[in-house]
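Heavy atoms only: backbone and side chains are in, while hydrogens, waters and symmetry mates are out. Start at 1 and go down the list; that is how both ligands and their atoms are numbered.
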Amino acid sequence: MKTVLKNMLVLASILGSSCLADNPFIQTFYTADPAPVVHDGVCYVYTSHDEDVTENGFFTMRDWLCYSSTDMVNWTDLGTVASLHDFKWAGQGWGGGFDNGAWAPQAIERDGKWYLYCPLQGRGIGVLVADSPAGPFKDPIGKPLIGGDHIDPSVFIDDDGQAYLYWGNPKCWYAKLNKDMISIDTGIGDKGLVSLDMTVEEFGKRTKEDERRATTYEEGPWLYKRKGLYYLFFAGGPIAEHIGYSSSKSPTGSWEYGAVVMTPRSAFTIHPGVVDFKGKTYLFYHDADLPGGGGFKRSVCVDEMEFRPDGSVKPVEPTKEGPKQVGHLDPYVQVEAETICWTGGAETEPCEEGGMNICDLDDGDYIKVKGVDFGSGASMFGARVASSSSGGKIELRLGGVDGKLIGTCSIPRTGGEQKWENTSCEVKGASGVHDLYLKFVGDGELFNVNWWKFKKK
Ligand code: FUB
């Protein structure tokens with residue numbers, strides 16, 4: 001089944017829009033509210049998910065997705081990691097039952113467990129726990145961690161082991177989490193919940209009158225620490241939102257307003273996520289720049305963020321190119337086919353062999369994998385494929401979707417969309433570092449790909 005988004009992407013490539021850019025870095029779904037977290041040399045980003053079809057002219061969001069990268073340009077789809085159905089209490093309140101309200105999440109690892117904090121619009125903030133970043137996640141408390149109309153949780157563990165949860169719109173709140181990460185330390189504030197003083201000194205003066213907000217703070221707080229200084233990034237108003245920040249010597253303030261970090265993008269919301277990875281700092285945010293995009297069909301982006309010697313944050317200029325690749329991709333180990341820098345037309349789905357596979361491939365669809373290091377040369381290409389139709393071909397090209405052809409692999413009919421077989425072909429002329437394009441060719445609906453791998457000469 002072709003989604004609306006796939007049709008829009010195909011149309012955009014026919015019309016020649018900026019399809020070879022690397023931002024937005026997920027093209028297979030409309031995604032928003034990116035929440036990055038680094039663990040064991042891998043950057044994971046959790047996102048909320050705008051449905052292809054917007055209902056009632058408002059956010060239509062049912063589940064949360066996760067992607068991983070080791071180089072900041074090629075992202076592997078880890079699938080839908082949680083949904084409203086994981087919270088048995090999701091049906092309570094006015095947020096849309098199990099059908100709507102899966103807003104901006106954030107995850108963190110502690111002592112081998114992964115904790116995913118999820119706002120259910122109008123019902124509160126819940127927490128899920130898993131043994132691995134892609135789940136399966138389970139609700140350990142069976143009720144909201146913070147009940148009521150609270151959104152946009154940001155979780156942070158300080159160097160002394162104390163964990164904090166920040167959240168809120170129109171006010172910013174925080175709580176201390178107990179070591180179990182699934183309960184609140186009730187020793188401060190009102191049953192453990194502290195509402196910040198929203199002063200102009202701490203969060204900047206709003207330029208347009210708003211009876212609920214005197215400052216620029218709107219929503220989407222993100223707590224981050226660098227060189228002993230705490231930064232509270234946030235989505236600022238008036239709408240269209242920008243990203244601003246305040247800083248403090250303490251994780252609980254008081255805060256000093258800093259500046260605007262990113263001016264409004266093409267969506268009326270924006271949402272910061274800041275992470276250090278391999279010696280650099282990155283700002284994740286969302287816009288509406290995918291074909292067919294809009295305020296309720298957003299797309300996540302990433303760019304590098306820099307600091308001045310005094311610790312202040314330099315404004316981040318959004319780019320279509322995205323950040324520089326950190327390292328190269330090794331084509332001689334098994335690469336999941338859903339590892340993508342940019343795709344024209346591929347979609348992803350759960351694979352019966354585990355993980356995800358790419359699907360819904362039509363003639364001319366392609367995947368770009370950036371910065372592939374072939375070293376002194378490749379001799380063979382192999383892939384795990386499945387096809388319920390007559391199959392097709394994968395053209396292996398370098399430098400562009402119509403770039404140098406290094407091999408053509410025939411994909412047989414395997415007898416089912418999840419009936420997997422290995423196939424291989426010779427390749428010639430691939431050495432050094434190149435952007436690799438897998439171009440899918442044939443008639444009708446083609447085939448699915450689970451993974452691929454090259455063999456050295
Ligand atoms: O994605 C739904 C809501 O829009 C988020 O919770 C806010 O931060 C804004 O991005």
Side-chain angles (χ1 to χ4, degrees), residues 24 26 29-36 45-52 54-66 80 82-84 87 90 93-96 99-107 116-127 144-146 148-155 165-173 203 212-213 216-223 232-245 261-274 283-290 293-302 318:
I26 303 299
F29 295 96
Y30 291 117
T31 54
D33 306 319
V45 59
Y46 294 79
T47 74
S48 57
H49 172 203
D50 289 331
E51 292 291 329
D52 282 4
T54 302
E55 293 164 8
N56 304 316
F58 194 57
F59 297 110
T60 308
M61 307 171 77
R62 303 191 170 107
D63 48 23
W64 295 277
L65 316 180
C66 184
T80 301
S83 84
L84 292 168
F87 298 100
W94 51 268
D99 292 331
N100 211 349
W103 284 15
Q106 192 182 339
L116 180 61
Y117 298 87
C118 300
L120 281 66
Q121 185 225 353
R123 288 151 284 182
I125 294 169
V127 59
L145 177 63
I146 298 165
D149 190 9
H150 292 291
I151 61 164
D152 290 0
S154 175
V155 60
L165 201 66
Y166 268 76
W167 72 91
N169 177 350
K171 283 182 151 201
C172 187
W173 298 69
F203 294 104
R212 296 202 300 159
R213 306 172 182 89
T216 70
Y217 177 88
E218 186 101 16
E219 57 185 356
W222 185 275
L223 190 56
L232 193 60
F233 293 93
F234 54 86
I239 280 169
E241 292 178 344
H242 64 271
I243 293 175
Y245 82 98
V261 179
M262 182 173 276
T263 53
R265 311 311 329 144
S266 46
F268 71 90
T269 61
I270 201 165
H271 195 102
V274 179
L283 173 66
F284 288 72
Y285 57 97
H286 64 233
D287 63 20
D289 281 3
L290 276 187
F296 305 121
K297 290 185 192 173
R298 298 160 292 173
S299 36
V300 292
C301 299
V302 58

Practice task
Just jot down the ligand 1 atoms closer than 4.0 angstrom to any heavy atom of H271, in number order.
Solution key: 8 (O)

Problem - ligand 1 contact on A104 by region, counting heavy-atom pairs under 4.0 Å - result: both

Exercise for the section: Tell me which part of R298 gets within contact of ligand 1: side chain, backbone, both or neither, using heavy atoms under 4.0 Å. Expected result: side chain

Practice task
Using non-hydrogen atoms of the residue, decide whether Q121 is closer than 4.0 angstrom to ligand 1.
Solution key: no

Exercise for the section: Measure the acute angle between the ring planes of F234 and Y217, then classify it against the limits of 30° and 60° as parallel, tilted or perpendicular. Expected result: tilted

Practice task
Please state whether the rings of F59 and W103 are parallel, tilted or perpendicular, taking 30° and 60° as the class boundaries.
Solution key: perpendicular

Fill in the blank from the handout: Closest to atom 10 (O) of ligand 1 among protein heavy atoms sits D33 OD1, 2.7 Å

Problem - Minimum-distance protein heavy atom relative to atom 9 (C) of ligand 1 - result: E219 OE2, 3.5 Å

Handout entry: Under 3.5 Å side-chain donor-acceptor pair for H286 and T269
Key = yes

Problem - Donor + acceptor pair across side chains of N100, T60 (<3.5 Å) - result: no

Practice task
Would you check whether D152 has a nitrogen or oxygen atom less than 3.5 angstrom from a nitrogen or oxygen atom of ligand 1?
Solution key: yes

Problem - D63 side-chain N/O to S83 backbone N/O, donor-acceptor pair under 3.5 Å - result: no

Practice task
Please check if the side chain of E219 supplies one atom and the backbone of A235 the other of a donor-acceptor pair under 3.5 Å.
Solution key: no

